Amino acid sequence: MKGFLEEYGLIIVVVAVILLMLLFGKTGYAKSIQDAILGSADHIVETGENITKKEVNVTAGDTLDIEGTKYVVLEQKENSQALLMTVSSIGGREFQSTYNINTYLRHDGQIANTYENSTNDNYLENDWYNSLSSAMKAAIQTTSIKQVSYATDTDPDSKQETGYNGQVYNAINRHVFVPSVEEIGKIVDLKSPDIVKAFLNGTSIWTRDSYPRYAQYAMFLSDFDDSLSTSVVSHTRGVRPAFVIDLSKVDYTEAGHIDYK
């Protein structure tokens with residue numbers, strides 16, 4: 001901003017003085033000059049906005065430090081936006097803490113392994129999101145996400161749209177969410193045990209996707225098997241929150257690059 005004021009400050013002052021002089025001009029010639037100057041002023045303001053807009057250039061796998069927390073870029077999007085995920089787990093949590101062990105239904109009637117309004121979903125969208133700074137919350141974009149299921153518990157290519165008993169999942173809007181198998185797979189070769197082991201670094205993590213054969217099972221990345229696996233939703237696993245953020249609206253530093261492909 002200092003460079004902008006030094007370069008254009010004098011011009012802005014001169015324009016302001018001329019406009020005041022022309023304000024009292026009554027001829028058509030004065031009006032033409034006034035219009036021309038106003039157009040130049042608009043151009044100066046537009047140039048200033050372009051100068052102050054932060055340039056963003058990140059790629060999938062880049063790690064960023066934002067306010068002391070490290071995130072990895074899962075996907076670069078348009079308009080300075082990117083899908084990020086925390087590099088480390090924020091702690092162990094249950095996918096769904098309570099449900100009827102006879103019917104496998106939650107108190108709201110939904111199947112136990114449904115992500116929408118699950119224990120994980122509610123915690124991230126409410127508690128964790130609201131724990132962020134005002135700058136982070138302003139930069140994070142509302143994103144439409146959808147849960148899917150995996151027909152084979154260890155195969156990341158067995159994706160299907162329906163869950164237990166043919167359940168069709170809703171598209172939901174969230175600020176923060178548990179990443180899907182597919183989103184994590186953008187930077188991690190989920191078929192390679194060695195790579196999965198390195199990525200997990202000793203901590204299993206939930207995905208938001210389900211296992212359709214059983215109502216109480218969801219997909220997670222296991223640090224025991226070093227692969228995609230299934231878990232009862234009431235078990236405690238690590239969570240790495242994900243979100244889409246406009247990086248031009250926050251201060252960040254590049255902290256390296258993760259390559260698990």
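These figures come from a predicted structure and were not determined experimentally.
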Does the side chain of D153 pick up a donor-acceptor pair with the side chain of S229 at under 3.5 Å?
-> no
Salt bridge flag under 4.0 Å for residues R174 and D121 = yes
S222 side chain to D225 main-chain N or O, any donor-acceptor pair under 3.5 Å?
-> yes
Give a yes or no on whether the backbone of N117 and the side-chain of N122 come within a donor-acceptor separation of less than 3.5 Å.
-> yes
Is the backbone N or O of M219 less than 3.5 Å from a side-chain atom of T207, with the two atoms forming a donor-acceptor pair by type?
-> yes
Report the residues that fulfil side chain to side chain contact (heavy atoms under 4.5 Å, CB included) with Q110, sequence neighbours left out, ordered by chain and then residue number.
-> R106, D108, T114, Q167
Note, L221 side chain near L228 side chain (heavy atom, < 4.5 Å) = yes
If you group Ile, Leu, Val, Met, Phe, Trp and Tyr by side-chain heavy-atom gaps below 4.5 Å, do V232 and L105 land in one group?
-> no
When clusters are formed by joining ILVMFWY residues with side-chain heavy atoms under 4.5 Å apart, either directly or through shared neighbours, do I187 and V181 land in the same one?
-> yes
Is it the case that one hydrophobic cluster holds both F243 and L83, taking links as side-chain heavy atoms less than 4.5 Å apart, direct or via other members?
-> yes
For the student: nearest non-hydrogen atoms of S97 and T119, plus distance = N-OG1, 2.9 Å
Donor-acceptor contact below 3.5 Å, side chain S144 vs main chain A171 = no
So, do V196 and S227 sit near enough that their side-chain heavy atoms are less than 4.5 Å apart?
-> no
Decide whether Y214 and V148 are clustered together by the hydrophobic rule: side chain heavy atoms of Ile, Leu, Val, Met, Phe, Trp, Tyr closer than 4.5 Å, transitively.
-> yes
Side chains of R237 and R93: closer than 4.5 Å at any heavy-atom pair?
-> no
Any side-chain donor paired with an acceptor under 3.5 Å for E116 and N170?
-> yes
Take atom CD of E182 as the centre, draw a 6.0 Å sphere, and report whether it contains more than 12 heavy atoms from other residues, nucleotides or ligands.
-> no
Does a salt bridge link R208 with E183, judged by any charged N lying under 4.0 Å from a carboxylate O?
-> yes
With W128, the side-chain contact (heavy atoms from CB on, under 4.5 Å) member among N130, N126, L132 = L132
Correct closest heavy-atom pair for Q147 and F95 would be NE2-CZ, 4.2 Å
Do L84 and I66 have side chains that get closer than 4.5 Å, going by heavy atoms?
-> yes
Do Q160 side-chain atoms and S149 backbone N/O form a donor-acceptor pair below 3.5 Å?
-> no
Should L247 and V244 be counted in the same cluster of Ile, Leu, Val, Met, Phe, Trp and Tyr side chains packed under 4.5 Å apart?
-> yes
Backbone N or O of G92 within a donor-acceptor pair of the W206 side chain at under 3.5 Å?
-> no
Would you check if I258 and Y260 make a side-chain contact, meaning some heavy-atom pair closer than 4.5 Å?
-> yes
Between the main-chain N or O of V233 and the side-chain N or O of Y99, is there a donor-acceptor pair closer than 3.5 Å?
-> no
Would a distance-only check, ignoring hydrogens and angles, find a side-chain to backbone donor-acceptor pair under 3.5 Å from Q96 to T98?
-> yes
Closest non-hydrogen atom pair, G202 against D223 = O-OD2, 2.9 Å
F199 six-ring face occupied by R240 cation (under 6.0 Å, within 45°) = yes
Exercise: do S248 and D246 side chains pair donor with acceptor under 3.5 Å | yes
Between Q76 (side chain) and Q81 (backbone), is there a donor-acceptor pair under 3.5 Å?
-> no
What pairs meet the side chain to side chain donor-acceptor pair (under 3.5 Å) rule with one or both residues in residues 63-72, with sequence neighbours excluded?
-> E67-S133
Over all atoms of both residues, closest heavy-atom pair of Y123 and I90 | CE2-CD1, 3.9 Å
Please name the residue in the list D155, D157, T154 that meets the side chain to side chain donor-acceptor pair (under 3.5 Å) test with K191.
-> D157
With a 4.5 Å heavy-atom cut-off, do F177 and T143 have their side chains touching?
-> yes
Compare every heavy atom of N113 with every heavy atom of Y217, then report the nearest pair and how far apart it is.
-> O-ND2, 2.8 Å
Minimum heavy-atom separation for T162 to Y169, with atom names?
-> C-CE1, 4.2 Å
Pair E94, H235: side-chain N/O donor-acceptor within cut-off below 3.5 Å | no
Verify, without hydrogens or angle tests, whether D62 (side chain) and H257 (backbone) share a donor-acceptor contact under 3.5 angstrom.
-> no
